[in-house]
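Just so it is clear, the structure is predicted and the values come from calculations on it, not from any experiment. Keep in mind that the numbers below use all heavy atoms, side chains included, and drop hydrogens, waters and symmetry copies.
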Amino acid sequence: MKNFIKWLKSPKSDFLLFVIVIILINLVGQNAFFRIDLTESKAYSLSDASRRAVSTLDKPLAVKVFFTSNLNAPYNNVEQYLKDILAEYKGAANKYFSCEFFDMENVENQKLAREYGINQVQIQEVNNNEIGFKAAYMGAAFIYGDSIEVLDGITSEESLEYNITTKISKMVTTADVLSGLQDDVTLTLYTTPALSKFNISGFNQIEQSVINAYSAVNKKNQDKISFKRVEPTDEEISNYVQKYGIQSIGWTEKDGSQKQGVIGLVLEHGDTFRLIPLEMAQSIFGYAIAGLDALEDNIAESLKSLISKSVEIGYITGHGERDLLGSDYESAASFETLIEDTYTLKTLELSEDDIPASISTIVINGPKTAYTDAELYKIDQFLMRGGNIMFMIDPYEVTESGNYYYSMPQYTPTDTGLERLLEKYGVSLGDGYVFDEQCYDYYTNSEKLPMYWVPLVKDSGVNKTHPVTKNMGNILFLQNGPLTVTRENSSDFTATVLASTSDKAWISTDFYVLNPNYITPPESSERKAEPLAVILEGNFQSAFDKAPEVATTDEGETGTTGELAVSAHLSSSIQKGKIFVCATSYITTPQLINDATQPISIFVRNVTDYMNGAEELCTMRTKGLSENTLTAVKGPLVTFMQIFNQYGLAVIVIIIALIIWRFRVARRRSIRLTYNADDTRDDDNIRIAKQKANKKGDAD
């Protein structure tokens, strides 16, 4: 033992100990590792949404990767990135997450890949200066319970984390979300017993109908819903009406006293709630309770909307809005295709339909005709209840005139009434089009034509701190009208400009055709940056003083003796809402959206996600899109940067290596001379080298 300890202390054991340390470090590194992500967009780090998606699994999630190895660049980098990102998922996940990579040289594994729906893709590779094609497997299958999702054709690192997380989230059902809730969801029925004396049809059946519907929904959702009934006092009624927006009903007693009651059904979890459609309505047959027949479906849909991200979006129709079913360049079919993996667009005609309680976002896309006050009021009160609205309004209706191919289009200003709402909320829409010298250029055989009405928003024109536009740039807009934010930010309100033109933009109403040959930019002093898209968030004031077409008396909200006066009008927000405004609807058409990877497509998708509370998906989707580009496009600086990018790094490495080598030589000589001042080996070597060179010269 003493000899062994003596040997360990001696230099003879250094090599063996070094090998042992290396082995131990590798063993520890398999389970305990860390990575530092120095990229600005954190492209190699998991987002919080991804971590939550795999950390709350309550059943096994298996990821099976079928990726051909030893591919040429850039596909070998994609394979490595896929391995790295899945390692990040595994590190953030609980015990139910597993990942397996298959050897695709094995015929059985190829057969298994095809059974999962993963097929070979053709990729281009260069070997020995020859370009060829190779068939490769580049996909992964995700298995969660009985659900299987496939991610095929992984040829790029771009949006890979987003695609993986959305696949996983799609498989995690509402039941899985419910199992992770710390507190129950509460269903509360608010009624005033005194209303029973008015012989309202269905009033006495409200409680039992709600209990029956609640029991059916609760049974299907792990008994996570609790129910209670509240009979508010006179002092509490106004608070509940203001907080939840439930229906208030006023009347005058025989003694002249004013009374007030409520009818409402609220589903609530934490600080979030959904108002279930249940209210008193008036018809030719008298008063009746509306909503009893659809209680179970409404509670189920509201529960889904409450505890998970909203997947159904209201799409307003009836006023010439862009058609979702069209196949031409004027339709919004490409917008629906862009978001259909997560969202479903439900068409709503406000002249006939109310906005369902399960919907948290509505889209108003390119209306051409005016809304009635009743329709505008539905939109207004939806916002007051905490709804979110995407306004995409064109300044002009463009129509072709005449029967000849050379006829000029007509530009008719739109007047929908929505302008009045937006003015109240904090945005003013103006006349004309926004033109910009920084725009899309159309190239012909002989010249470059600037399309001034197609502004190009580079990274300097986007809000780099907002989730929607972070890391983005080179976004094309089309035929935008001017807009102005008219409300200042405050503690309960924020207005954010998402995208702006360059400082070479101007607004013009003096045009008769969109043709660069007929458009002359004004003087530089008359041009400035113009906002193209904004988001308003917070509390809003209603654009209406009262509900349209509701008769009132001198007493205001109440009627005469024995009569009921119904009021659910909200004068201000009871929950914070969001408004997106873009003065063009062309951003939803195939003229701009024809590829999901285009910047404008990502912008529109990010806006949709943000409006529906999925803001983490925005930054996840734009990872790796950050651009650090030169502002100069020509001149000596561009030439210098091109040469530097080609040769500069290699030259710098060589220079650094030479400097380090000379420092090491000088350091060794300094150490040698410290212990032996008479050591002149360097001088002798130099002298000998010179002698050899001279002898060689004499021989020549």
Side-chain angles (χ1 to χ4, degrees), residues 245 267 272-277 279 290-291 294 297-306 308-326 331-369 371-393 416-418 421-422 425 535-537 540 542-543 568 570 573-582 585 587-588 604-605 607-614:
L267 191 68
T272 309
F273 66 86
R274 294 290 183 271
L275 184 63
I276 311 297
E279 60 184 6
D297 290 340
N298 287 334
I299 293 174
E301 288 299 318
S302 296
L303 176 65
K304 183 179 179 181
S305 172
L306 181 69
S308 62
K309 304 302 180 187
S310 175
V311 296
E312 192 171 58
I313 297 175
Y315 191 86
I316 307 303
T317 61
H319 306 86
E321 292 86 356
R322 294 199 180 269
D323 189 4
L324 292 174
L325 302 178
S331 75
S334 56
F335 171 61
E336 184 173 31
T337 301
L338 181 68
I339 66 173
E340 65 182 359
D341 61 334
T342 306
Y343 305 100
T344 300
L345 292 177
K346 178 182 177 65
T347 57
L348 299 172
E349 191 163 343
L350 296 180
S351 62
E352 301 175 358
D353 305 320
D354 290 326
I355 302 174
S358 59
I359 288 180
S360 60
T361 300
I362 60 174
V363 175
I364 301 176
N365 187 30
K368 299 178 179 64
T369 60
Y371 289 73
T372 66
D373 281 351
E375 292 170 330
L376 293 174
Y377 185 72
K378 289 181 180 180
I379 296 171
D380 177 87
Q381 293 297 287
F382 173 76
L383 177 65
M384 295 305 106
R385 289 184 169 85
N388 309 311
I389 310 175
M390 295 173 62
F391 289 97
M392 289 163 283
I393 304 175
T416 62
L418 296 169
L421 297 186
L422 289 172
Y425 304 148
I535 278 185
L536 313 179
E537 302 176 72
F540 300 89
S542 173
L570 299 175
S573 297
I574 58 174
Q575 288 191 101
K576 290 184 177 181
K578 302 174 188 174
I579 296 176
F580 168 75
V581 184
C582 186
S585 64
I587 61 174
T588 64
V604 172
R605 182 61 196 265
V607 169
T608 307
D609 282 337
Y610 187 81
M611 298 298 286
N612 286 276

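- In terms of the side chain to side chain contact (heavy atoms under 4.5 Å, CB included) criterion, residue partners of T369 (sequence neighbours excluded) are, by chain and number, H319.
- Contact detail for L267 and S302: the closest heavy-atom pair is CD2-C, 3.8 Å.
- Using a 4.5 Å cut-off on side-chain heavy atoms (C-beta onward), I316 and I379 make no contact.
- The two residues E312 and S358 make their nearest non-hydrogen contact at OE1-OG, 4.0 Å.
- Looking only at side-chain heavy atoms (C-beta outward), E321 and P367 come within less than 4.5 Å of each other.
- In this structure, N612 and S360 have side chains that are in contact, with non-hydrogen atoms separated by less than 4.5 Å.
- Partners of D380 according to the salt bridge (charged side-chain N to carboxylate O under 4.0 Å, His left out) rule, which considers only residues two or more places apart in sequence or in another chain, do not exist here.
- For T272, the side chain to side chain contact (heavy atoms under 4.5 Å, CB included) partners are R274, L306, not counting sequence neighbours.
- Applying the side chain to side chain contact (heavy atoms under 4.5 Å, CB included) rule to K578 yields the partners N388, E537, Y610, M611; only residues at least two apart in sequence or on another chain are considered.
- Residues passing the ring-ring contact (aromatic ring centres under 6.0 Å, His included) test with F382: none are found, sequence neighbours excluded.
- Taken to the nearest 0.5 Å, the CD1 atom of I364 stands 8.0 Å off from the CG atom of L422.
- For D353, there are no side chain to side chain donor-acceptor pair (under 3.5 Å) partners at least two apart in sequence or on another chain.
- Residues I339 and V604 are not in side-chain contact: their nearest non-hydrogen atoms beyond the backbone lie 4.5 Å or more apart.
- Side-chain contact between Y315 and M390: absent, with no pair of heavy atoms (C-beta onward) separated by less than 4.5 Å.
- Checked against ring-ring contact (aromatic ring centres under 6.0 Å, His included), F335 has no partners two or more places apart in sequence or in another chain.
- Remark: T588 pairs with N365 by the side chain to side chain donor-acceptor pair (under 3.5 Å) rule, at least two apart or across chains.
- Contact check for I574 versus F273: side-chain heavy atoms found under the 4.5 Å cut-off.
- Residues passing the side chain to side chain donor-acceptor pair (under 3.5 Å) test with K368, sequence neighbours excluded: none.
- Of all the heavy atoms in S542 and M384, the pair that sits closest is N-SD, 3.6 Å.
- Take N298 and apply the side chain to side chain contact (heavy atoms under 4.5 Å, CB included) test, not counting sequence neighbours, and it matches I276, P277, A294.
- Atom OG1 of T317 sits about 8.5 Å away from atom CG of L324, to the nearest 0.5 Å.
- In this structure, CG on L348 lies 11.5 Å from CD on E375, to the nearest 0.5 angstrom.
- A search for side chain to side chain donor-acceptor pair (under 3.5 Å) contacts involving D297 returns nothing, not counting sequence neighbours.
- Taking CZ of F391 as the start and OG of S585 as the end, the distance is 14.0 Å to the nearest 0.5 Å.
- When all heavy atoms are compared, the tightest approach of I359 to T361 is CG2-O, 3.1 Å.
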Side chain to side chain contact (heavy atoms under 4.5 Å, CB included) between F540 and I579, worked out: CA-CA 10 Å; F540 300 89; I579 296 176; 3.7 Å; yes
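- With sequence neighbours excluded, the residues that form a salt bridge (charged side-chain N to carboxylate O under 4.0 Å, His left out) with D373 are R420.
- At least one donor-acceptor pair under 3.5 Å links the side chain of Q575 to the backbone N or O of R385.
- Annotation: the span from Y377 atom OH to L350 atom CG amounts to 14.0 Å, rounded to 0.5 Å.
- Counting only distance, with no hydrogens or angles, the side chain of S573 and the backbone of K576 share no donor-acceptor pair below 3.5 Å.
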